[in-house]
Colleague: 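Sharing a structure below in structure tokens format, with a few things to ask.
We name chains A, B, ... by the order of the sequence lines, and we start the count at 1 in each one.
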There are 2 protein chains.
Amino acid sequence: MRRALVIEDQDLMRQALIVELKDSLGDCIIAGAQTYALAQSALADEMFDVVLIDPGLPGFDPTSSDQRLRVVEAIVRAAPSAVHIVITGSDNDKEAAACRELGVAAYLGKTGLPRGGLGKVLEQVARDEFSLRYSSANAQATEVHISGLTPRESRITELMMQRRPGERRKDVFVKMAEELRIEPNSAERYFKQARAKLLKYGRLPRGL
Amino acid sequence: MRRALVIEDQDLMRQALIVELKDSLGDCIIAGAQTYALAQSALADEMFDVVLIDPGLPGFDPTSSDQRLRVVEAIVRAAPSAVHIVITGSDNDKEAAACRELGVAAYLGKTGLPRGGLGKVLEQVARDEFSLRYSSANAQATEVHISGLTPRESRITELMMQRRPGERRKDVFVKMAEELRIEPNSAERYFKQARAKLLKYGRLPRGL
DNA sequence: GTTCATAGGGATGGTGCCATCCCCCTCAAA
DNA sequence: TTTGAGGGGGATGGCACCATCCCTATGAAC
């Protein structure tokens with residue numbers, strides 16, 4: 001059972017990263033630290049296999065690349081055997097190179113890193129590659145989330161609304177089926193169920 | 001059924017904010033926009049009751065308070081009847097005051113805003129109060145998340161590990177019972193179940 | 001010697017989601 | 001006229017989690 005530590009001051013983001021890690025690691029114990037002090041005490045208390053670091057922590061000047069790197073360096077030294085992943089909202093290539101020098105295994109921008117993205121990064125790292133992903137605003141469309149729909153229903157609705165012209169519904173069912181490893185028939189069933197719910201509440205977005 | 005729009009470039013954070021909003025609003029439809037352009041087209045297409053804005057968007061200089069405020073102003077103008085909430089990682093009192101001038105209903109720092117925090121903010125806003133919460137690193141301890149535990153089991157384990165000396169287990173059961181509106185007996189049952197699982201896998205953190 | 005917190009469970013009913021298989025109907029294209 | 005995409009469902013079994021109630025046993029406190 002692997003142990004991981006997530007160092008990130010923004011609570012919702014830390015929560016999200018912990019969930020991402022949990023989904024990627026399988027059996028694991030994940031600690032979350034909001035501050036540098038809490039991270040230090042966690043690192044002193046226990047061993048970790050994976051450490052996720054956002055260097056923009058309270059008490060450090062976010063515009064000082066020097067301070068940011070010193071935080072990373074201190075964390076890496078405190079757990080030299082762990083896999084270290086730096087994730088930041090203000091990424092740049094100089095910092096990426098410097099982190100790599102410090103022994104960091106992956107350097108990630110927060111923008112453009114979707115659900116499941118961390119899993120792919122960990123796979124890359126497991127192959128001893130340095131994983132580098134700069135922020136990029138890559139969204140093609142707005143997402144939509146509708147309460148009352150189950151996750152499956154929500155997902156197929158989203159996929160269906162993003163369908164490009166000429167693409168048949170059946171193609172979308174196949175796409176979702178591959179994504180979730182289920183039968184296209186099931187995807188179709190979720191879509192029908194979702195549409196029925198939306199019709200009932202008179203909330204049918206375009207794209208039916 | 002209310003409609004909300006979340007404008008935030010970091011995908012995981014946007015996701016988390018959408019979940020927060022969904023939990024707070026009940027029946028609702030929530031759109032998520034990664035960029036200013038996507039936000040604009042969403043605002044042009046539909047009406048929204050609530051708009052959540054992170055002014056630090058790609059394409060704008062994050063150090064320029066002028067640019068940040070112009071983003072907020074444009075969004076507010078595009079949906080004058082909506083409740084606008086600004087949430088940012090780099091909050092300061094000048095920007096808060098300026099946002100209030102622009103008609104924003106709440107100004108929140110990302111650090112120190114926990115799960116459920118947005119719900120309280122919305123309650124405040126519903127009472128026509130201006131909700132102001134600056135970032136603060138307020139965590140007392142590291143959180144712990146263990147895979148294989150259900151949410152209930154995870155929560156009671158976390159509460160139990162944060163128990164202060166002298167506090168009895170029973171007190172913690174009551175605390176969790178109030179939090180989730182269940183019987184203390186049930187909380188105790190979850191704790192026992194969690195401990196049994198942890199013992200089975202030899203992963204008993206201190207605090208039993 | 002009784003009370004109470006704690007340890008360590010068993011059993012139960014309910015609910016929601018998942019995944020699948022089935023049915024019927026319509027309409028257009030080949 | 002047969003085939004295939006699509007609309008609109010019903011029924012089912014399995015599973016995980018939730019919430020509750022029940023039982024035994026230990027050990028310290030009063």
Colleague: Rounded to whole angstroms, how far apart are CZ on Phe191(B) and P on dC18(D)?
Modeller: 17 Å
Colleague: Under 6.0 Å from the CZ atom of Arg3(A), do we count more than 12 heavy atoms belonging to anything else shown?
Modeller: yes
Colleague: Could you point out which residue of Arg100(B), Glu95(B), His84(B) forms a side chain to side chain donor-acceptor pair (under 3.5 Å) with Tyr107(B)?
Modeller: Glu95(B)
Colleague: Between the protein and nucleotides 15-17 of chain D, are there any N/O to N/O pairs under 3.5 Å, and if so, what are the atom names and distances?
Modeller:
none

Colleague: Does Asn138(B) offer a backbone N or O that forms a donor-acceptor pair with the side chain of Gln140(B) under 3.5 Å?
Modeller: yes
Colleague: Please determine which of Leu52(B), Asp54(B), Val104(B) meets the side-chain contact (heavy atoms from CB on, under 4.5 Å) test together with Ile85(B).
Modeller: Leu52(B)
Colleague: Does a salt bridge link Lys175(B) with Glu179(B), judged by any charged N lying under 4.0 Å from a carboxylate O?
Modeller: no
Colleague: Decide side chain to side chain donor-acceptor pair (under 3.5 Å) for Arg68(A) and Thr88(A); before the verdict, give the C-alpha distance in whole Å, the side-chain angles of both, and the deciding distance to 0.1 Å.
Modeller: CA-CA 10 Å; Arg68(A) 289 168 59 88; Thr88(A) 171; 2.8 Å; yes
Colleague: In whole angstrom, what separates Lys192(B)'s NZ from dT20(D)'s P?
Modeller: 15 Å
Colleague: Keeping Glu188(B) on the side-chain end and Lys170(B) on the backbone end, is there a donor-acceptor pair under 3.5 Å?
Modeller: no
Colleague: Take the protein atom CD1 of Ile156(A) and the nucleotide atom P of dA19(C), then report the distance between them rounded to whole Å.
Modeller: 13 Å
Colleague: Please work out which residues in residues 159-190 of chain B have a non-hydrogen atom less than 4.0 Å from an atom of DNA chain C and list them by number.
Modeller: Arg168(B), Arg169(B), Lys170(B), Arg189(B)
Colleague: Consider side-chain contact (heavy atoms from CB on, under 4.5 Å). Of Met176(A), Gln193(A), Arg189(A), which one does Arg152(A) pass it with?
Modeller: Met176(A)
